[in-house]
Asker: 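Shown below is the structure under consideration.
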Amino acid sequence: MNEDVFNTSLRGFLKKVGITSQREIEKAVRDAVASGSLKGHEKLPAKMVLTIGGVSLSHEISGEIELG
């Protein structure tokens, strides 16, 4: 295994996940506030599940997103 190739590929994937996830969360929350289904001061439970095929990895991260 080439560690440099692996590291570069992994970082690229994680950057894509982070940027895309943030955009999707921001859009969903703004739409929910605009429609009135959220007031804008809630704390929202959040969960991210990472799965990687070929190595049987399934990792769950839970947290909370505070709106204000």
Side-chain angles (χ1 to χ4, degrees):
M1 177 170 76
N2 184 316
E3 291 290 336
D4 290 334
V5 171
F6 172 56
N7 193 300
T8 300
S9 178
L10 180 56
R11 285 177 185 227
F13 173 74
L14 291 173
K15 183 176 180 180
K16 182 177 180 180
V17 167
I19 292 168
T20 304
S21 298
Q22 182 173 350
R23 286 181 186 152
E24 291 298 317
I25 292 166
E26 288 173 345
K27 182 182 182 314
V29 168
R30 287 188 179 113
D31 289 350
V33 170
S35 74
S37 60
L38 288 177
K39 297 194 184 303
H41 61 273
E42 295 87 348
K43 292 182 181 180
L44 307 175
K47 177 172 68 171
M48 178 73 72
V49 179
L50 170 68
T51 56
I52 304 291
V55 293
S56 301
L57 173 65
S58 180
H59 182 71
E60 185 176 302
I61 301 168
S62 296
E64 193 173 73
I65 299 171
E66 186 174 351
L67 303 185

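Keep in mind it's a predicted model, so treat the numbers as computed, not measured. We number each residue from 1, following the sequence as shown.
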Asker: Would you kindly confirm whether I19 and V29 end up in one hydrophobic cluster when ILVMFWY residues are joined by side chain heavy atoms under 4.5 Å apart?
Answerer: no
Asker: Among pairs that include at least one residue of residues 5-17, which meet side-chain hydrogen bond (donor to acceptor under 3.5 Å, both in side chains), considering only residues two or more places apart or in two chains?
Answerer: N7-R11
Asker: For S35, what residues pass the side chain to side chain contact (heavy atoms under 4.5 Å, CB included) criterion, not counting sequence neighbours?
Answerer: S37
Asker: Using atom types as modelled, flag every donor-acceptor pair under 3.5 Å from a side chain in residues 42-68 to any protein atom, sequence neighbours excluded.
Answerer:
| from | atom 1 | to | atom 2 | distance (Å) |
| --- | --- | --- | --- | --- |
| E42 | OE1 | K39 | N | 3.4 |
| E42 | OE1 | G40 | N | 2.9 |
| E42 | OE2 | K39 | N | 2.7 |

Asker: Which residues pass the side chain to side chain contact (heavy atoms under 4.5 Å, CB included) test with E26, not counting sequence neighbours?
Answerer: Q22, R30
Asker: What distance do I25 atom CD1 and T20 atom OG1 have between them, rounded to the nearest 0.5 Å?
Answerer: 10.5 Å
Asker: Sequence neighbours excluded, which residues qualify as side chain to side chain contact (heavy atoms under 4.5 Å, CB included) partners of N2?
Answerer: D4, V5
